[in-house]
Amino acid sequence: MRRAIFPGSFDPITNGHLDIIARGSKLFDEIVIAVLNNPEKNPMFTVEERIDMLNKVLPAIETGNCVLTVEDFQGLLVEYAIKREIYAILRGIRAVSDYEYELQMALMNRRLEPRVETVFLMSGEAFSYISSRLVKQVFGLGGTIDGFVPSLVEAKMREKLGHTERMKYG
Ligand SMILES: Nc1ncnc2c1ncn2[C@@H]1O[C@H](COP(=O)(O)OP(=O)(O)OP(=O)(O)O)[C@@H](O)[C@H]1O
Ligand SMILES: [Mg+2]
């Protein structure tokens with residue numbers, strides 16, 4: 001059984017993440033999508049909301065026989081992976097800018113736990129500039145995010161923004 005863990009904030013899930021998951025599903029029998037509980041990143045969505053969105057949009061992607069599992073996690077990733085008997089970390093690379101950070105993380109994780117390898121996949125060009133941060137920023141300024149996130153996610157973002165606007169303006 002070849003299993004990988006795909007860690008991230010997924011705040012929210014984008015079509016870039018989905019592209020990496022679809023590509024990864026050709027290499028692994030199971031991918032555990034591990035949603036990082038990171039309150040210090042001041043997230044737009046709670047971990048529960050992020051997991052709920054993931055569970056709703058994942059069935060739409062073609063993954064063959066690969067099983068997708070969604071979990072939340074905090075703490076040391078390699079420790080979590082070993083506990084779950086997973087020996088591959090899946091990460092996506094967009095541009096050179098991702099590489100430096102990802103290399104550092106991969107080498108640190110290898111140092112901490114030599115049994116775990118990091119596997120990098122490149123997303124399709126159409127997704128290569130999409131990040132959750134940029135999507136939130138563009139959306140917050142009123143720009144269209146059509147094609148960057150699943151429509152369910154866009155609807156949830158609209159709900160969220162409407163809610164904060166109401167809070168802000170009474
Ligand atoms: N468009 C994309 N193409 C390739 N990899 C991606 C893409 N978007 C995210 N990833 C990868 O998915 C993994 C999880 O990333 P993360 O949750 O930080 O998403 P993100 O879009 O980078 O969010 P943020 O903007 O908040 O950092 C990382 O390995 C990241 O490089
Ligand atoms: Mg990121």
Side-chain angles (χ1 to χ4, degrees), residues 4-28 30-74 77 89-103 105 118-170:
I5 189 161
F6 183 39
S9 309
F10 305 101
D11 184 42
I13 177 90
T14 69
N15 291 341
H17 294 126
L18 292 175
D19 185 59
I20 294 294
I21 294 167
R23 288 172 197 281
S25 70
K26 295 180 195 147
L27 303 174
F28 297 101
E30 182 181 2
I31 299 175
V32 174
I33 296 139
V35 181
L36 184 63
N37 203 341
N38 54 343
E40 72 283 353
K41 240 182 151 184
N42 192 20
M44 180 176 211
F45 294 100
T46 65
V47 170
E48 293 71 32
E49 289 171 325
R50 286 180 253 160
I51 289 177
D52 183 58
M53 283 187 279
L54 274 158
N55 282 323
K56 286 186 173 131
V57 302
L58 288 176
I61 61 169
E62 186 48 62
T63 56
N65 291 326
C66 177
V67 176
L68 302 179
T69 315
V70 183
E71 292 176 4
D72 75 314
F73 109 97
Q74 51 199 5
L77 177 66
I89 297 170
L90 176 63
R91 294 289 286 177
I93 294 262
R94 281 163 291 214
V96 186
S97 49
D98 275 340
Y99 176 76
E100 217 165 319
Y101 173 73
E102 292 291 342
L103 175 74
M105 288 274 289
T118 303
V119 176
F120 292 108
L121 291 181
M122 265 52 82
S123 56
E125 297 103 279
F127 306 107
S128 65
Y129 59 94
I130 303 174
S131 72
S132 299
R133 183 189 54 80
L134 198 54
V135 164
K136 284 182 282 192
Q137 199 176 341
V138 168
F139 186 76
L141 295 170
T144 177
I145 52 165
D146 201 30
F148 299 158
V149 294
S151 48
L152 174 130
V153 171
E154 189 179 346
K156 294 274 176 204
M157 287 175 77
R158 185 156 297 125
E159 248 172 56
K160 202 42 98 165
L161 195 76
H163 181 65
T164 22
E165 297 280 280
R166 275 201 300 280
M167 292 205 305
K168 253 194 285 183
Y169 304 113

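Along the sequence shown, the residues carry numbers beginning at 1.
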Q: Go through the steps for Leu54 and Phe10 under the test side-chain contact (heavy atoms from CB on, under 4.5 Å), then give the verdict.
A: CA-CA 8 Å; Leu54 274 158; Phe10 305 101; 4.2 Å; yes
**Q.** Under the ring-ring contact (aromatic ring centres under 6.0 Å, His included) test, residues paired with Tyr129 that sit two or more places apart
**A.** Phe148
Q: Compare every heavy atom of Ile130 with every heavy atom of Ala126, then report the nearest pair and how far apart it is.
A: O-CD1, 4.0 Å
Q | Taking every non-hydrogen atom, the tightest pair across Asp19 and Gly124 | A | OD2-N, 2.7 Å
**Q.** Pairwise distance CG(Leu134) to CZ(Phe139) - rounded to 0.5 angstrom
**A.** 14.0 Å
**Q.** Where at least one partner belongs to residues 47-59, residue pairs that pass salt bridge (Lys or Arg N to Asp or Glu O under 4.0 Å), sequence neighbours excluded
**A.** Asp11-Arg50, Glu49-Lys160, Asp52-Lys56
Q) Taking the side chain as C-beta and beyond, is there a heavy-atom pair between Ile145 and Met157 under 4.5 Å? A) yes
**Q.** Exercise: identify the closest heavy-atom pair between Leu58 and Ile33
**A.** CD1-CD1, 3.6 Å
Q. Tell me, do Ile5 and Phe73 make a side-chain contact under 4.5 Å, heavy atoms counted?
A. no
Q) Is Asp72 close to Ile51 at the side-chain level, that is, under 4.5 Å between some pair of heavy atoms? A) yes
(Q) I need the minimum non-hydrogen distance between Ile21 and Ile31, along with the two atoms involved. (A) O-CD1, 3.8 Å
Q) Donor-acceptor pair, Ser132 side chain versus Pro12 backbone, under 3.5 Å? A) yes
Q | Between CG on residue Leu68 and OG1 on residue Thr63, distance to nearest 0.5 Å | A | 4.5 Å
Q) Is there a donor-acceptor pair under 3.5 Å between the side chain of Arg91 and the backbone N or O of Pro7? A) yes
(Q) Restricting to non-hydrogen atoms, name the atom on Pro150 and the atom on Leu18 that form the minimum distance, rounded to 0.1 Å. (A) CG-CD1, 3.6 Å
**Q.** Side chain to side chain, His17 and Phe6, heavy atoms closer than 4.5 Å
**A.** yes
**Q.** Shortest non-hydrogen contact between Ala22 and Ile61, atoms and distance
**A.** N-CD1, 4.2 Å
Q. Is any side-chain heavy atom of Ile89 closer than 4.5 Å to a side-chain heavy atom of Leu77?
A. yes
Q. If we only count heavy atoms from C-beta on, is the Ile93 to Leu121 side-chain gap below 4.5 Å?
A. no
**Q.** Euclidean distance, Leu36 CG relative to Ser9 OG, rounded to 0.5 Å
**A.** 5.5 Å
